[in-house]
Amino acid sequence: MKKIRAAALIGAVALVATGCSAGGGGGGGEGSAGGTGSIDVWLSNNEQEVAWGTAVVDAWNAEHPDEQVNAQEIPAGSSSEEAITAAITAGTAPCLVYNVAPAAVSGWVKQGGLVDLSSIEGGSDYITERGGEVDSYATDGSFYQLPWKSNPVMVMYNKALFEAAGIDPEDPQMNTHEAFLEGSRAIVESGVQSAIWPSPTSEFYQPWFDFYPLYLAETDGTMLVEDGKSTFDSDAGRTVAEFWATFYEEKLSPNEAATDDAMSAGTTAMQLAGPWAIPSYADTVDVGFMPVPTSDGRENPTTFADSKSVSMFTACENQGTAWEFLKFSTSVDNDGQLLELTGQMPMRTGLTDTYSEYFDANPNYVAFAEQAEATADVPSIPNSVEAWQAFRDEYSAAVIFGKESIDDFLGNAATKIDDLVAE
């Protein structure tokens, strides 16, 4: 699907951030937990997030002349994940990175690159009081990330194309797998190239936008791996895989990547997306939203949170300032500014009540705020990126390209992931 998603994922999802140290130190040496002074932080290259980050930094710097924060966008070049890993190795990582994908955290912990925020006085309390049920973001019982914001994945659809296909755009009634398929067939029969166009490319994070949201919905939030074992070689996993395989078999979804923004171009009627996508279509498509479907059409299904975190890096010399700035940047007021400027959901309790005026004024975001109460994320496991890549490779072969059976995909992927998690 277009490269709204490619940009958001290769940057924002695939670990949108990288950097240089705040006072550096080579070889990944530990900074000072109580050190104060200037720090560097790295922000996503998302235009709205840069505006938010700049405003927050300016507000901090005005009150802290001896603890100045320098913020920069992710530099152009290699992927964020590779750049962060290299910076950890070189001891040149920044103090804070905003927009870290939780899937990468366990690898960086193993590398020795992240500060245990639980070891900071009041660290665990701040994280849990702000975010509520956040235990799944802990690694080996400690928080090496502060869960920052989420983009709950829902089905975004083109109301005009739905109406042309005979589907009520205000109440599509597509909450079961079968009804979703029937609606998708009607859309393609009406002349639209694709009903829904998940990206068929091979990046490790692509399951988060096809298989995984529907698997979480089908299982009421069972993560891909729990208690050190994969969970998806099951009836629920088979149901979701067969659902998606039908789209490719019946040519309701293409198995090649789009060359443009398929939603804006009108070559697809639906996509799986979070609230980050709303501004992209404000002037081009009248969009609606509905929860991801389940086999039985249950109410309030769980979906993928697509959350991003903030992590502190051990190369940071002035970790005392970094922690105080991290708390400042994730305060009620600054979380409200994040919501205002980006439409992304701060991961804090009482979201709709805390920011009721925003949601009253921006009704398109209400569905996502409500959905944010029913989400799950990626598991915190060893070799996380490698595990997701193994899953994607097997899924692609069976579901997207039909080169192996669904049962082989589930069994082979489960075996590979179990081995990786056990390392």
Side-chain angles (χ1 to χ4, degrees), residues 1-2 4-5 151-198 209-210 213-218 239-240 242-254 258 261-304 343 345 352 359-375:
M1 270 216 54
K2 166 186 174 175
I4 270 189
R5 171 152 310 149
N151 279 277
V153 172
M154 299 184 74
V155 179
M156 173 181 282
Y157 60 89
N158 183 320
K159 289 184 176 181
L161 295 183
F162 267 41
E163 190 165 15
I167 302 168
D168 182 353
E170 303 307 324
D171 187 18
Q173 295 289 309
M174 291 170 61
N175 60 330
T176 68
H177 286 178
E178 188 52 45
F180 199 93
L181 277 164
E182 289 176 4
S184 296
R185 293 174 183 126
I187 289 165
V188 172
E189 288 169 4
S190 74
V192 183
Q193 180 180 347
S194 165
I196 188 168
W197 201 332
F209 301 96
D210 47 33
L214 273 71
Y215 179 68
L216 291 171
E218 195 68 15
T239 294
V240 174
E242 289 174 348
F243 170 82
W244 281 118
T246 301
F247 277 83
Y248 294 103
E249 290 166 3
E250 296 188 13
K251 301 191 183 306
L252 304 172
S253 296
D261 179 350
M263 281 289 286
S264 289
T267 50
T268 193
M270 296 181 281
Q271 69 170 346
L272 289 174
W276 54 265
I278 292 176
S280 305
Y281 301 109
D283 299 324
T284 58
V285 183
D286 184 12
V287 293
F289 312 96
M290 57 185 172
V292 298
T294 58
S295 61
D296 57 4
R298 72 197 66 176
E299 294 185 6
N300 304 315
T302 302
T303 191
F304 176 50
M345 305 292 129
T352 53
F359 290 110
D360 288 344
N362 296 276
N364 268 356
Y365 291 87
V366 172
F368 289 99
E370 293 172 345
Q371 182 66 74
E373 302 297 321
T375 59

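In this text, all values refer to a predicted model and were calculated from it rather than measured experimentally. What's counted below: heavy atoms across the whole structure, side chains too, no hydrogens, waters or symmetry copies. Numbering starts at 1 and runs along the sequence shown.
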Student check: side-chain heavy atoms of T176 and D296 closer than 4.5 Å: no
4.5 Å side-chain heavy-atom contact, R185 and L252: yes
Side-chain touch Y248/P198, heavy atoms, less than 4.5 angstrom: yes
Where S194 and V188 come nearest, the two heavy atoms and their spacing: C-CG2, 4.2 Å
Neighbour count >12 (heavy atoms, 6.0 Å) for atom CG, D283: no
Candidate pair V155 and L272, rule side-chain contact (heavy atoms from CB on, under 4.5 Å), full reasoning: CA-CA 5 Å; V155 179; L272 289 174; 3.7 Å; yes
Heavy-atom side-chain proximity of M156 to I278 below 4.5 angstrom: yes
Nearest-0.5 Å distance that lies between atom OG in S253 and atom CG in D210: 9.5 Å
Euclidean distance, L216 CG relative to T294 OG1, rounded to 0.5 Å: 12.5 Å
W244 vs I196 side-chain heavy atoms within contact, under 4.5 Å: yes
Result of checking T302, T303, T375 against P213 for side-chain contact (heavy atoms from CB on, under 4.5 Å): T303
Approximate separation, where rounding is to 0.5 Å, of F289 CZ and Y365 OH: 8.0 Å
pair F180-S184: side-chain heavy atoms closer than 4.5 Å: yes
Side chains of Y281 and N158, donor plus acceptor under 3.5 Å: no
Student check: side-chain heavy atoms of F247 and L181 closer than 4.5 Å: yes
Partners meeting salt bridge (Lys or Arg N to Asp or Glu O under 4.0 Å) with E170 (sequence neighbours left out): K159
From R298 atom CZ to N175 atom CG, the distance as rounded to the nearest 0.5 Å: 11.0 Å
CD/E250: more than 12 non-hydrogen atoms of other groups inside 6.0 Å: yes
Residue pair T352 / E370, side-chain donor-acceptor N/O under 3.5 Å: no
Point-to-point distance, once rounded to the nearest 0.5 Å, from OH of Y215 to CZ of F304: 14.5 Å
Non-hydrogen atoms of P172 and Y157 that approach each other most closely: CG-OH, 3.5 Å
Spacing of CZ belonging to F162 relative to CD1 belonging to I187, to within rounding of 0.5 Å: 4.5 Å
Closest non-hydrogen atom pair between V287 and M263, with its separation: CG1-CE, 4.2 Å
Heavy-atom side-chain proximity of T268 to Q193 below 4.5 angstrom: no
Derivation of the side-chain contact (heavy atoms from CB on, under 4.5 Å) call for M290 and M270: CA-CA 10 Å; M290 57 185 172; M270 296 181 281; 4.0 Å; yes
Closest non-hydrogen atom pair, A217 against V292: CB-CG2, 3.7 Å
Minimum-distance pair of heavy atoms, taken over all atoms of H177 and L214: NE2-CD2, 4.3 Å
Heavy-atom closest pair, residues P301 and Q371: O-NE2, 3.0 Å
